[in-house]
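These notes concern the structure reproduced below.
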Amino acid sequence: MKNLFILPIIAMCLFSCSDDNDITQPGGTVPGDTGIATGIALSDSTITFTSKPDTTVIHTDSKGWWIESVTVDDETAAMGENEKKLTAENGRYEGSFKWLTVSYADGNIQLTATANNGPERRFNIILASQSDTVTVTGSQNALTLDEAIGLSFNNVTLDGFADTINISTKGKQWWIGSIALNGETRYSLTKEEKETLLNTGNFEKECDWLTVKCESHKITLAAKPNPGKARTFSITVETEYYTDTIAGKQNMIKIGQWPDQIKLSADSATFTAEGGTQRFATGGEQDWSIVEIDIDGDIHPASYEERMACAYEHSFNKTTGWLTVKREDEFLYVTVEPNTTGKDRTFTVTLQYGDWYSNLYGTQKSE
């Protein structure tokens, strides 16, 4: 009979002396029992980031849980036992995984993604406690072509006279791949030139009749006068994942095929050495534009934006060196600064409406 009383006592001792510091639960094994309710409740468990640098916060009132693993782009990082214990006991954690940063403090799980310059990317985070396992899944949107490059113009037409157009971009992480004229590749950028353009936004190359210039990630195309037949060009703009194209043509110079549509009041002007301003009237169609200004043989084409404003807003104001050309409604104003060079200097202002061109030829006398 004595043995029957001893057995229950032994059993109670074995139970009370068992090591409760090694607890295996559905979420994993954690040294030590936090003594806190172990269900995991999250404000959100499905996350979508934009392609830009992005942050989201998941709130939880749950305690005593830890991070089992973080998987980013199919690469999984499993947490160590000590990390799990510290997270569960202290309610704090911070770690970086490729493009994703995970931090936890004061009941908030903050997830931060760096900018995505390529295709969609994914992640998942497994949270565990003594009685629960929860997975946070997420993705980051792919960078679109419009976000990566975002050309303001894909197709352009340049005038037969010397012509210029500016093209802006939404993205900044691009470079020019090649320049083709009339269907033939005339120049391909070197690796060093691409890296310089990517990092500084600057590049310049003259290919025969077309000059391609990049300044602070703004593209400028400048074409020389085209006395022959129409000619074409194409320029590839590239990123690591995308390629876009600027395709264009330059018309040939056409003079005199239309009757005079501008009716400029004079075709020549003479200024004294002291300088001054002269006004010229136009009596024809008013949607004419100023396409270029020649100063002592140096041609300065009007930009596309300047030509459009001149034609449709009847406004133009451009100072080049010692000469200022201005339009107000139907009037053309030319202003020259005093000439102290000791020699005569010349200018030509070219106006266009359709296929008709009018030139104002000017001379300023020396002292």
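When all heavy atoms of Asn251 and Ala230 are compared, the closest pair comes out as CA-CB, 4.4 Å. Listed here is the closest heavy atom pair of Asn154 and Thr245: ND2-O, 3.0 Å. Between Phe233 and Leu181, the shortest heavy-atom distance links the atoms CB-CD2, 3.8 Å. The two residues Gly160 and Gln250 come nearest to each other via the heavy atoms O-NE2, 3.6 Å. Closest approach of Leu197 to Phe203, counting heavy atoms only: CD1-CB, 4.0 Å. The heavy-atom pair separating Leu143 from Ala148 by the smallest distance is CD2-CB, 3.5 Å.
A search for side-chain hydrogen bond (donor to acceptor under 3.5 Å, both in side chains) contacts involving Asp61 returns His59, not counting sequence neighbours. In this view, Ser268 satisfies the side chain to side chain contact (heavy atoms under 4.5 Å, CB included) rule with no residue, not counting sequence neighbours. With sequence neighbours excluded, the residues forming a side-chain hydrogen bond (donor to acceptor under 3.5 Å, both in side chains) with Glu120 are Arg122, listed by chain and number. Taking the side-chain hydrogen bond (donor to acceptor under 3.5 Å, both in side chains) definition, one finds that Glu330 meets it with nothing, sequence neighbours left out.
Rounded to the nearest 0.5 angstrom, Cys214 SG and Ile167 CD1 are separated by 9.5 Å. Taking OG1 of Thr211 as the start and CD of Glu204 as the end, the distance is 6.5 Å to the nearest 0.5 Å. Once rounded to the nearest 0.5 Å, the distance linking CG of Leu264 with CG of Leu360 reads 6.0 Å.
Annotation for Tyr304: atom OH does not count as buried by contact number, only 12 or fewer foreign heavy atoms lying within 6.0 Å. Within 6.0 Å of the NZ atom in Lys365, the count of heavy atoms belonging to other residues, nucleotides or ligands does not exceed 12. The number of heavy atoms from other shown groups lying within 6.0 Å of CG (Asn90) is above 12. Around atom NZ of Lys218, no more than 12 heavy atoms belonging to other residues, nucleotides or ligands sit under 6.0 Å away.
Side-chain N/O atoms of Thr348 and Asn359 include no donor and acceptor closer than 3.5 Å. For the residue pair Glu147/Ser51, the side-chain donor-acceptor check at 3.5 Å is satisfied. Ser178 and Thr236 form a side-chain donor-acceptor contact under 3.5 Å, judged by distance and modelled atom types alone. Side-chain contact, Glu206 with Tyr187: no donor N or O sits under 3.5 Å from an acceptor N or O. Looking at Thr76 and Thr71, their side chains do bring a donor and an acceptor atom within 3.5 Å of each other. Under the 3.5 Å distance criterion, with hydrogens and angles disregarded, a donor-acceptor pair is assigned to the side chains of Trp175 and Glu238. For the residue pair Asn339 / Thr341, a side-chain donor-acceptor distance below 3.5 Å is found, with atom types taken as modelled. A donor and an acceptor atom, one from each side chain of Glu274 and Thr272, are located under 3.5 Å apart. Side-chain polar atoms of Thr335 and Thr324 form no donor-acceptor pair below 3.5 angstrom.
The aromatic rings of Trp65 and Tyr104 are tilted relative to each other, their planes meeting at an angle between 30° and 60°. Taking the six-membered ring for Trp and thresholds of 30 and 60 degrees, Trp174 and His217 have ring planes more than 60 degrees apart, a perpendicular arrangement.
Transitive grouping of hydrophobic side chains (ILVMFWY, heavy atoms separated by less than 4.5 Å) keeps Tyr357 and Leu158 in distinct clusters. Ile67 and Ile126 end up in different hydrophobic clusters when Ile, Leu, Val, Met, Phe, Trp and Tyr side chains are linked at under 4.5 Å. Cluster membership for Ile109 and Trp99, using ILVMFWY side-chain heavy atoms within less than 4.5 angstrom, is shared.
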- Passes side chain to side chain contact (heavy atoms under 4.5 Å, CB included), Ile235 versus Ile176? Steps please. CA-CA 7 Å; Ile235 301 162; Ile176 288 175; 3.9 Å; yes

- Task: Walk me through it: do Gln286 and His314 pass the test side chain to side chain contact (heavy atoms under 4.5 Å, CB included)?
- Result: CA-CA 8 Å; Gln286 289 305 303; His314 301 168; 3.8 Å; yes

- Residue pair Lys326, Glu328: steps toward the salt bridge (charged side-chain N to carboxylate O under 4.0 Å, His left out) verdict: CA-CA 7 Å; Lys326 184 178 180 181; Glu328 289 184 356; 2.9 Å; yes

- Test Gln110 against Thr55 for side chain to side chain contact (heavy atoms under 4.5 Å, CB included), laying out the working first. CA-CA 7 Å; Gln110 180 171 295; Thr55 297; 3.6 Å; yes

- Task: Start with the C-alpha gap between Tyr361 and Phe347, add the side-chain angles, then the distance that decides, and say whether ring pair (Phe, Tyr, Trp, His ring centres under 6.0 Å) holds.
- Result: CA-CA 6 Å; Tyr361 299 98; Phe347 67 87; 9.3 Å; no

- After noting the C-alpha distance and the side-chain angles of Leu42 and Val136, does the key distance pass the side chain to side chain contact (heavy atoms under 4.5 Å, CB included) rule? CA-CA 9 Å; Leu42 303 177; Val136 177; 3.7 Å; yes

- Message: Please determine whether side-chain hydrogen bond (donor to acceptor under 3.5 Å, both in side chains) holds for the pair Trp66 and Ser129, giving the CA-CA distance in whole Å, both sets of side-chain angles, and the decisive distance to 0.1 Å.
- Response: CA-CA 6 Å; Trp66 58 89; Ser129 69; over 6 Å; no

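Between Ser152 and Thr169 there is no side-chain heavy-atom pair separated by less than 4.5 Å. In this structure, Thr282 and Lys263 have side chains that are not in contact, with every pair of non-hydrogen atoms separated by 4.5 Å or more. Taking 4.5 Å as the limit, every side-chain heavy atom of Phe271 sits out of range of all side-chain heavy atoms of Thr363. Looking only at side-chain heavy atoms (C-beta outward), Ile293 and Lys318 come within less than 4.5 Å of each other. Between Arg121 and Asn116, the closest side-chain pair of non-hydrogen atoms falls below 4.5 Å.
When Thr137, Ile47, Thr135, Leu111 are each tested for a side-chain contact (heavy atoms from CB on, under 4.5 Å) with Ile125, only one passes: Leu111.
Arg307 forms no cation-pi arrangement with Trp288, by the criterion of a distance under 6.0 Å to the ring centre and an angle within 45° of the ring axis.
Residues in residues 150-161 take part in no salt bridge (charged side-chain N to carboxylate O under 4.0 Å, His left out) pair, two or more places apart or across chains.
Salt bridge annotation for Lys84-Glu81: present, with a cationic side-chain nitrogen under 4.0 angstrom from a carboxylate oxygen. No salt bridge links Lys194 with Glu192; every basic N to acidic carboxylate O contact stays at or beyond 4.0 Å. By the 4.0 Å N-to-carboxylate-O rule, Asp208 lies too far from Lys224 to be salt-bridged with it.
The backbone N or O of Ala78 lies less than 3.5 Å from no partner atom in the side chain of Ser69, so there is not a single donor-acceptor pair. Using a distance-only test at 3.5 Å, with no hydrogens or angles considered, no donor-acceptor pair links the side chain of Asn141 to the main chain of Thr48. Panel note: side chain Glu240, backbone Asn117; no donor-acceptor pair is recorded below 3.5 Å. Side chain of Arg92 to main chain of Ala105: no donor-acceptor pair is present (N/O by atom type, distance under 3.5 Å, no hydrogens or angles).
Residues Phe331 make up the rest of the hydrophobic cluster containing Tyr333, defined by ILVMFWY side-chain heavy atoms closer than 4.5 Å, directly or through other members.
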